[in-house]
Number of protein chains: 2
Amino acid sequence: MPFTRKRFGKDAYMVREGERTTDCSVILRGFAFRQKMLRDGSRQIISIHIPTEFVDLQNGLLLVADHNVQCINGAEAATIPREALLSLAIERPEVLRAIWIDTLIDASVFREWVVNVGRRDSRARIAHLLCELALRLRSIGLVHDDRFDFPLTQEQLADATGLTAVHTNRTLQSLRKDGLIQLTGRSLTVLDWDRLCEVAEFDELYLHHSV
Amino acid sequence: MPFTRKRFGKDAYMVREGERTTDCSVILRGFAFRQKMLRDGSRQIISIHIPTEFVDLQNGLLLVADHNVQCINGAEAATIPREALLSLAIERPEVLRAIWIDTLIDASVFREWVVNVGRRDSRARIAHLLCELALRLRSIGLVHDDRFDFPLTQEQLADATGLTAVHTNRTLQSLRKDGLIQLTGRSLTVLDWDRLCEVAEFDELYLHHSV
DNA sequence: CGTTAATTTGAGACCATTCAATTTCGGTGG
DNA sequence: CCACCGAAATTGAATGGTCTCAAATTAACG
């Protein structure tokens, strides 16, 4: 399948809202997130994406991007022209199936994020985001001894959880004080997985890892 | 295509979280919504669905439901066995394309809801939900003179916007006082579409109606 | 009509925000 | 290697939007 390898610098945009879409990208290295900006300058991060994941599969059929995709500390991606992906999907049903499942799981994650920002308090919100990220990173082998790379700044974490940076800071301190996590620099260690899940009311069903 | 016509009573569950899925349903009459319950009894409504829409297309490939689907004031749906839908999709690429687009737009709506509950204040949240619903209802001809059927109770509206019922009530009053909407019984009239959109910071791009 | 569900109102408390200042950290050049 | 710099993290204090709880009013329904 034809693809182009692309490098993105720190905080670079991979897709911009309103742009006509032409291709889909898989992250090869680094992290990215989807986000929307509001007029007052505030930002909502909608999902975080890790290597091996598509960040914009919807570009396969939707002609205009409805949100931004931004990478975090520089990333590398494989960009595939829309037509190449579509024709492969039509030729090989198992590819189509995989793509569709990916889309469906994406949607499931979005639903859980609605619940997260809509109904959980600040501790649970942040804990939930960490649980999700830990599990997804584990599935691609990027967690070692309950420790993984956590590239988000506290401001970005705030934008992902619908909180302010200040309150995110205080909430993280609260989680640390309780011995749930350790967060230094860009490295996060889950000290007590069970209690973290408990605080987050985390149920991994929505990730559909078994499918 | 084989399907069963099903009737659902007031507040009846069409799909339950954790259940093994077997089929997909299209709403023929009435409204439904997707929701998740938290342990403390609080509920987050994730999306609202109107006639002609699939409520659980993800059941085509995901084997376990990750959320509940509940109808509002009684509804009627056409239930299609998973296999029938899948084999039709494989036979006829244009059907598959339509199904995939539907899934993608669904996901786009979820993303916008994340933004809504994550970053907008109570007035904007409710206004935004109303704008979205009005536009979608208009596209199937259910809006007349800027008036449409609004079946949600204030408690359900609260669960959809991540607010409490009390605060939803006060916010609705505020929108009424400003002459933006009229809401009596189960009938909603948009009195000033432009200003309502303004309050909501509504941009219909994410609905992808042109695709 | 009677009964329950839904809406409305009031008052007080609290979680999260805002704004501003300070400290720490990571990177860069002298 | 250290001084410097900007970004990120942290702290404090005051404000405010939303919540909680409880009661009263209105609407819906058999």
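In what follows, chains carry the letters A, B, and so on, assigned in the order in which the sequence lines appear, proteins first and then strands, with residues in each chain numbered from 1.
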Nucleotide N/O of nucleotides 8-12 of chain C paired with protein N/O under 3.5 Å:
unit_1, atom_1, unit_2, atom_2, d
C:dT8, OP1, B:Arg176, NH2, 3.2
C:dT8, OP2, B:Gln154, NE2, 2.5
C:dT8, OP2, B:Asn169, ND2, 2.5
C:dT8, OP2, B:Arg176, NH2, 3.3
C:dT8, O5', B:Asn169, ND2, 3.1
C:dT9, OP2, B:Gln173, OE1, 2.5
C:dT9, OP2, B:Gln173, NE2, 2.8
C:dG10, N7, B:Arg170, NH1, 3.3
C:dG10, N7, B:Arg170, NH2, 3.4
C:dG10, O6, B:Arg170, NH2, 3.2
C:dA11, N6, B:Arg170, NH2, 3.1

Practice task
Could you identify which residues of residues 31-39 of chain A place a heavy atom less than 4.0 Å from some atom of DNA chain C, listed by residue number, or say none?
Solution key: none
Handout entry: Short side-chain to backbone donor-acceptor contact, A:Arg34 and A:Ile45, under 3.5 Å
Key = no
Handout entry: All side-chain hydrogen bond (donor to acceptor under 3.5 Å, both in side chains) counterparts of B:Glu132, not counting sequence neighbours
Key = B:Trp113, B:Arg136, B:Tyr206
Practice task
Check salt bridge (charged side-chain N to carboxylate O under 4.0 Å, His left out) between B:Arg138 and all other residues, then give those that pass, not counting sequence neighbours.
Solution key: B:Asp146
Distance-only donor-acceptor pairs under 3.5 Å for side chains of residues 181-188 of chain A, two or more places apart:
unit_1, atom_1, unit_2, atom_2, d
A:Ser187, OG, A:Arg147, NH1, 2.7

Problem - Nucleotide C:dA13, atom C1' - distance to NE2 of B:His167 in whole Å - result: 15 Å
Handout entry: Side-chain donor or acceptor of A:Arg125 paired with backbone N/O of A:Leu163 under 3.5 Å
Key = no
Practice task
Figure out the CD/P separation between B:Glu155 and C:dT7, and round it to whole Å.
Solution key: 9 Å
Problem - Summary of side chain to side chain donor-acceptor pair (under 3.5 Å) pairs that have at least one residue in residues 6-16 of chain B, sequence neighbours excluded - result: B:Tyr13-B:Gln35
Problem - Spacing of B:Arg186 atom CZ relative to C:dA6 atom P, expressed in whole Å - result: 7 Å
Exercise for the section: Identify, residue by residue, the members of residues 120-130 of chain A with a heavy atom below 4.0 Å from DNA chain C, and return them in order of residue number, or none. Expected result: A:Asp121, A:Ser122
Exercise for the section: Just grab all the salt bridge (charged side-chain N to carboxylate O under 4.0 Å, His left out) pairs involving residues 57-67 of chain B, residues at least two apart or on different chains. Expected result: A:Arg111-B:Asp66
Handout entry: Any residue meeting side chain to side chain contact (heavy atoms under 4.5 Å, CB included) with B:Asp121, in chain and number order, not counting sequence neighbours
Key = B:Arg123, B:Ala124
Practice task
Run the numbers on A:Leu175 and A:Ile126 for side-chain contact (heavy atoms from CB on, under 4.5 Å), then give the verdict.
Solution key: CA-CA 9 Å; A:Leu175 294 175; A:Ile126 289 179; 3.8 Å; yes
Fill in the blank from the handout: Outermost contacting nts on DNA chain D, any atom under 4.0 Å from chain A heavy atoms, listed 5' then 3', are D:dA8 to D:dA13
Problem - Closest-nucleotide 5' rank along DNA chain D - winner of B:Leu163 and A:Gly185 - result: A:Gly185
Completion exercise
By side chain to side chain contact (heavy atoms under 4.5 Å, CB included), A:Asp56 pairs with (sequence neighbours left out) A:Val15, A:Cys24, A:Ser25, A:Gln58, A:Asn59
Problem - Residue pair B:Ile80 / B:Pro2: nearest heavy atoms and the distance that separates them - result: CG2-O, 3.8 Å
Handout entry: A:Glu19 CD: over 12 foreign heavy atoms closer than 6.0 Å
Key = yes
Practice task
Not counting sequence neighbours, which residues clear salt bridge (charged side-chain N to carboxylate O under 4.0 Å, His left out) with B:Arg20? List them please.
Solution key: none
